[in-house]
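The block underneath contains the structure these notes are about, expressed in structure tokens.
Lettering of chains follows the sequences in order, A, B, ..., and the numbering in each one begins at 1. What's counted below: heavy atoms across the whole structure, side chains too, no hydrogens, waters or symmetry copies.
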Amino acid sequence: MHQSPPRDPGTTLLALYQRLFDHFGPQNWWPADSPFETAVGAILTQNTAWTNVEKAIANLRRADALSCEALLKTPRKQLEEMIRPAGFFRQKSERLHLFCRHLRDHHDGNLERLLAAPTAVARLELLELKGVGPETADSILLYGGNHASFVVDAYTRRLLQRLDLLPGRGTYDEIRTFFMRNLPVDAALFNEYHALIVILCKDYCRKRNPRCQSCPLIGLCRYPESAHPLTEGKKRR
DNA sequence: ATCCGGAAAC
DNA sequence: GTTTCTGGAT
């Protein structure tokens, strides 16, 4: 018995992508009619199931509030009621208003203008906003602006950890850089890759009871044998 | 490390 | 009844 042959991260990440795409097919992300709607969804979905975000978006659409101007005209209290199904509705209503105010004051209310800047510039600008962290910023860049900025989320971190591929201490930036340095810098690839990771982790590589037997990554992954028993999974007593 | 929060899965 | 959800701020 010998170790598995050493593979460079680029080969591993591409093989992983290939396996996911072959199993799930194209995901056609992000489900939105405009970059602005993508950004609204990105803020609303923070630590929130997408099904709940859909309800909030539907409320906004029904009220014709899915634009920068319309959303700014909507009183905070009213906005809270519309996005209530998405949870954290007080802070999210503030974040939406702050986001729109920034667009109005600096980009004539047009998100496309913000997204017309080079990726690094637009990213820093988004990160300045209260309520826009790295994942939200990268989601807006990638899915709203077609910028090749890899999106990292809790699913991504969990998957890499279980595959024993987590770089460094596993900070957001370390993981993002890991993907971006070891893959072709391609917005379409990053778009599909993140979406595939999400669907994999929702349906198979779940936090609690992962379906390892039927997982499309079977053979490529050694979890749970490779799991560190003290740092992952339910507390064992 | 804790708070925000409704909805649905478990 | 408890956990989890395409996080971020304090």
Rounded to whole angstrom units, what separation is found between the CZ atom of Phe89(A) and the P atom of dG7(C)? 19 Å
Check every strand shown and say whether Thr48(A) touches a base, only sugar-phosphate, or nothing at a heavy-atom separation below 4.0 Å. base
Give the rounded distance in Å between these two atoms: CG of Asp203(A) and C1' of dA9(B). 13 Å
Write down the distance between CE (Met82(A)) and P (dG6(B)), rounded to a whole number of angstrom. 17 Å
Indicate yes or no: does Asp203(A) engage Arg211(A) in a salt bridge with an N to O separation below 4.0 Å. no
By nearest-nucleotide position on DNA chain B, the 5'-leaning member of Arg206(A) and Ala86(A) is Ala86(A)
Below 4.0 angstrom, N of the basic side chain to O of the carboxylate: do Arg61(A) and Glu37(A) qualify? yes
Which whole-number value in Å describes the distance from Asn47(A) CG to dT2(B) P? 16 Å
dT6(C) pyrimidine/purine six-ring stacking with Trp29(A), under 5.5 Å and 30°: yes
Quantified in whole Å, what is the C1' atom distance between nucleotide dC4(B) and nucleotide dC5(C)? 14 Å
Mind checking whether Leu127(A) and Leu103(A) sit in one hydrophobic cluster, side chains of I, L, V, M, F, W, Y counted as touching below 4.5 Å? no
Find out whether the Lys NZ or Arg CZ of Arg162(A) is both under 6.0 angstrom from the six-membered ring centre of Tyr223(A) and within 45° of the ring's axis. yes
Scan Ala195(A) against the nucleic acid and name what it touches under 4.0 Å (heavy atoms): base, sugar-phosphate only, or nothing. nothing
Quantified in whole Å, what is the P atom distance between nucleotide dC10(B) and nucleotide dT6(C)? 12 Å
Starting at atom NZ of Lys202(A), determine the distance to atom C1' of dA7(B), rounded to an integer number of angstrom. 13 Å
5'-most contact on DNA chain C: Lys130(A) or Pro31(A), nearest heavy atom basis? Pro31(A)
If I pick the C1' atom on dT4(C) and the same atom on dG5(B), what distance separates them, to the nearest angstrom? 13 Å
Out of dG7(C), dC10(B), dC5(C), minimum distance to the side chain of Glu135(A) belongs to dG7(C)
Whole angstrom value for the distance that separates P of dG7(C) from NZ of Lys92(A): 9 Å
Over all heavy atoms of both residues, which pair between Tyr172(A) and Arg123(A) is shortest? Give the atoms and the distance, please. CE2-NH2, 3.6 Å
Could you tell me whether Glu80(A) and Lys92(A) make a salt bridge, using a distance below 4.0 angstrom between a side-chain N and a carboxylate O? no
Options dT6(C), dG6(B), dC5(C), nucleotide nearest the side-chain atoms of Trp30(A): dT6(C)
Distance check: side-chain N/O of Arg95(A) vs OP1/OP2 of dC4(B), anything under 4.0 Å? no
Whether Arg208(A) contacts dA9(B) is assessed here as follows: a side-chain N or O lying under 4.0 Å from the phosphate OP1 or OP2. Is that the case? no
Taking the nucleotide of DNA chain B with the closest heavy atom to each, which residue, Lys55(A) or Gly87(A), is nearer the 5' end? Gly87(A)
Can you tell me how far C1' of dG5(B) sits from CG of Leu44(A), to the nearest Å? 13 Å
Determine the contact category for Phe88(A): base if any of its heavy atoms lies under 4.0 Å from a base atom, sugar-phosphate if only primed atoms, P, OP1 or OP2 are that close, otherwise nothing. base
Trp50(A) CH2 to dT4(C) C1', straight-line distance once rounded to whole Å: 18 Å
Classify Val151(A) by what it touches in the nucleic acid, base, sugar-phosphate, or nothing, heavy-atom distance under 4.0 Å. nothing
Base, sugar-phosphate, or nothing: which does Leu129(A) touch, judged by heavy atoms less than 4.0 Å apart? sugar-phosphate
